[in-house]
Amino acid sequence: MVRYRVRGGNALRGTAFIQGAKNAVLPMIGAALLVPKGRTVLRNVPIIEDVRRAVELAEAVGAHVELHEAERTLVIDASRLDSAVLPARIARRFRGCVLFTPALLHRLGEAIVEGVGGCNLGSRNLDFHYLGYKRLGAVVDEGETVIHVKASGLTGATLYLDTPSHTGTENLIMAAALAKGTTVIENAALEPEVLDVIDMLTKMGARISGGGTGFITVEGVEELHAVEHTVMPDRLDAGVFAMAAAITGGELSLVGTGLDLGVVRYKLEQMGVDFARQGAVLNVRCDRRPLRPINIITDTYPGFATDLQSPMMTVAALADGTSYIHERIFDGRFALAGELNKMGADVEVDGSRAIVRGATPLTGARVTAHDLRSGIALVLAGLAAEGETLIESGYLIDRGHAHLAERMRALGADITREISEG
Ligand SMILES: CC(=O)N[C@H]1[C@@H](OP(=O)(O)OP(=O)(O)OC[C@H]2O[C@@H](n3ccc(=O)[nH]c3=O)[C@H](O)[C@@H]2O)O[C@H](CO)[C@@H](O)[C@@H]1O
Ligand SMILES: C=C(OP(=O)(O)O)C(=O)O
């Protein structure tokens with residue numbers, strides 16, 4: 001059992017190195033499996049548990065994968081895929097496993113998904129993925145636990161997503177990239193990570209247009225080839241470090257090529273946090289105490305990312321006044337509220353809305369990370385709390401943040417990652 005121990009009170013200062021994006025690297029590993037010849041190289045890979053699971057899963061289907069941790073580089077040779085089974089013991093541990101389906105379909109004619117993991121955020125349907133595969137000519141057999149997708153060749157079609165699903169868009173692009181003819185995906189996701197995946201697929205030889213418009217057209221090609229690609233910076237990791245500076249009254253220089261925090265920056269600015277771009281570095285500092293309250297509504301890009309809703313709840317708890325949060329993407333993403341309240345916050349949840357009455361002084365406590373983002377939100381709470389906070393399970397935090405304790409300690413935080421028995 002991994003846990004994080006945080007002693008609050010230190011302002012974070014210095015240069016924070018932002019990792020590569022989890023939600024870009026996972027589909028890119030899936031994309032690398034589409035390639036029958038040569039070795040794909042991914043740079044700026046975050047060394048997180050989800051990447052380790054993706055490596056294990058790629059190996060389970062027959063790929064040869066080298067994860068060079070110090071170099072943050074993955075080298076993937078998918079020339080000998082030999083199993084269409086995504087085994088439950090690995091697939092149930094992360095959501096990104098669903099991104100392997102298109103490659104298995106194209107390379108082996110079937111994908112057998114024995115389970116799908118990921119954060120427990122309420123209902124997380126995959127119907128857009130399966131309806132899309134069916135429209136492209138696949139047969140989908142959805143058993144109670146195992147999903148079997150089969151196709152002896154896919155053909156382009158017009159696809160529509162009821163809501164712009166992030167992994168749904170990536171999967172249907174990958175399925176369409178090697179299908180015969182033209183596919184149009186309407187109401188496609190606009191997230192920067194999706195665009196980064198499109199960039200990589202385009203370098204691989206895919207013919208994709210309309211990325212970022214909501215209407216994506218894919219002209220199928222015969223084969224894709226191996227490329228080298230650098231994963232974009234993780235805007236969620238960057239958002240967390242910006243918030244850490246905000247709540248501790250610190251000052252951080254965020255380093256990560258092309259970082260753009262979008263609406264998260266504007267919301268933090270409204271709360272009293274200062275941002276300044278200095279060339280390639282984004283500087284964030286907060287002298288204002290206490291912060292001003294805020295209203296946020298989560299949405300697909302360019303709206304406020306649901307993955308930063310939990311960390312923002314911690315920031316709101318430390319703001320002077322009442323903040324309102326409306327969660328519109330997931331129907332079960334407020335598990336953090338009860339844990340923050342154990343630390344002295346005053347958060348009231350009513351369906352998809354939360355009211356956060358601040359500023360309440362936070363006190364260290366033993367708390368539970370219910371998912372990745374509630375875990376990192378509790379780390380933030382610990383940094384601002386008086387006394388010691390113990391957060392379990394740290395594994396969930398490690399799913400998405402690389403070397404968190406080391407990176408935060410380098411900035412002055414008192415945080416340790418511990419492995420306990422049981
Ligand atoms: C690995 C990865 O990239 N994970 C991200 C991805 O998850 P993921 O791709 O799973 O999220 P989606 O965008 O697909 O889901 C958003 C919403 O759409 C619904 N839906 C989705 C697909 C579907 O077939 N049917 C359906 O109803 C879901 O139940 C959910 O309510 O986007 C989420 C929303 O930005 C982020 O929180 C996750 O970090
Ligand atoms: C919901 C998340 O991840 P996943 O989709 O991988 O469960 C997340 O990163 O907050």
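Note that the structure is a prediction, hence the values are computed from the model and not measured. We count ligands from 1, going down the list as the structure has it; atoms in each ligand are counted the same way.
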Check: H148/E110 side-chain N/O donor and acceptor closer than 3.5 Å:
yes
Using the test salt bridge (charged side-chain N to carboxylate O under 4.0 Å, His left out), find all partners of D127 that sit at least two apart in sequence or belong to another chain.
none
Show the distances, to 0.1 Å, for all pairs joining an N/O atom of ligand 1 and a protein N/O atom that are shorter than 3.5 Å, listing one pair per line.
unit_1: ligand 1; atom_1: 3 (O); unit_2: N23; atom_2: OD1; d: 3.3
unit_1: ligand 1; atom_1: 7 (O); unit_2: R124; atom_2: NH2; d: 3.3
unit_1: ligand 1; atom_1: 9 (O); unit_2: T167; atom_2: N; d: 2.8
unit_1: ligand 1; atom_1: 9 (O); unit_2: T167; atom_2: OG1; d: 2.5
unit_1: ligand 1; atom_1: 10 (O); unit_2: R95; atom_2: NE; d: 3.3
unit_1: ligand 1; atom_1: 10 (O); unit_2: R124; atom_2: NH2; d: 3.0
unit_1: ligand 1; atom_1: 13 (O); unit_2: H166; atom_2: N; d: 2.9
unit_1: ligand 1; atom_1: 14 (O); unit_2: S165; atom_2: OG; d: 2.6
unit_1: ligand 1; atom_1: 24 (O); unit_2: N125; atom_2: O; d: 3.3
unit_1: ligand 1; atom_1: 24 (O); unit_2: D127; atom_2: N; d: 3.0
unit_1: ligand 1; atom_1: 24 (O); unit_2: D127; atom_2: OD1; d: 3.2
unit_1: ligand 1; atom_1: 24 (O); unit_2: F128; atom_2: N; d: 2.7
unit_1: ligand 1; atom_1: 25 (N); unit_2: N125; atom_2: O; d: 3.4
unit_1: ligand 1; atom_1: 25 (N); unit_2: D127; atom_2: OD1; d: 2.6
unit_1: ligand 1; atom_1: 29 (O); unit_2: S123; atom_2: O; d: 3.1
unit_1: ligand 1; atom_1: 29 (O); unit_2: N125; atom_2: N; d: 3.3
unit_1: ligand 1; atom_1: 31 (O); unit_2: I329; atom_2: O; d: 2.7
unit_1: ligand 1; atom_1: 37 (O); unit_2: D307; atom_2: OD1; d: 2.5
unit_1: ligand 1; atom_1: 37 (O); unit_2: D307; atom_2: OD2; d: 3.3
unit_1: ligand 1; atom_1: 39 (O); unit_2: N23; atom_2: ND2; d: 3.0
unit_1: ligand 1; atom_1: 39 (O); unit_2: D307; atom_2: OD2; d: 2.6

Taking the six-membered ring of Y395 as reference, does the cationic atom of R93 (NZ for Lys, CZ for Arg) lie under 6.0 Å from its centre and within 45° of its axis?
yes
Just by distance, with hydrogens left out, do Y4 and D398 show a side-chain donor and acceptor under 3.5 Å apart?
yes
Enumerate the residue pairs fulfilling salt bridge (charged side-chain N to carboxylate O under 4.0 Å, His left out) with a member in residues 332-343, sequence neighbours excluded, ordered by first and then second residue.
D307-R333, E339-K342
Flag yes if more than 12 heavy atoms outside R5 fall under 6.0 Å of its CZ atom; otherwise flag no.
yes
Heavy atoms of other groups near R353 CZ, more than 12 under 6.0 Å
no
Indicate whether the side chain of H370 and that of N120 have a donor and an acceptor atom separated by less than 3.5 Å.
no
P27 versus T167: any side-chain heavy-atom pair under 4.5 Å?
no
Who are the residue neighbours of ligand 2 when the rule is a heavy atom under 4.0 Å from any of its atoms?
K22, D50, R95, G118, C119, L121, R124, D307, R333, L372, R373, R399
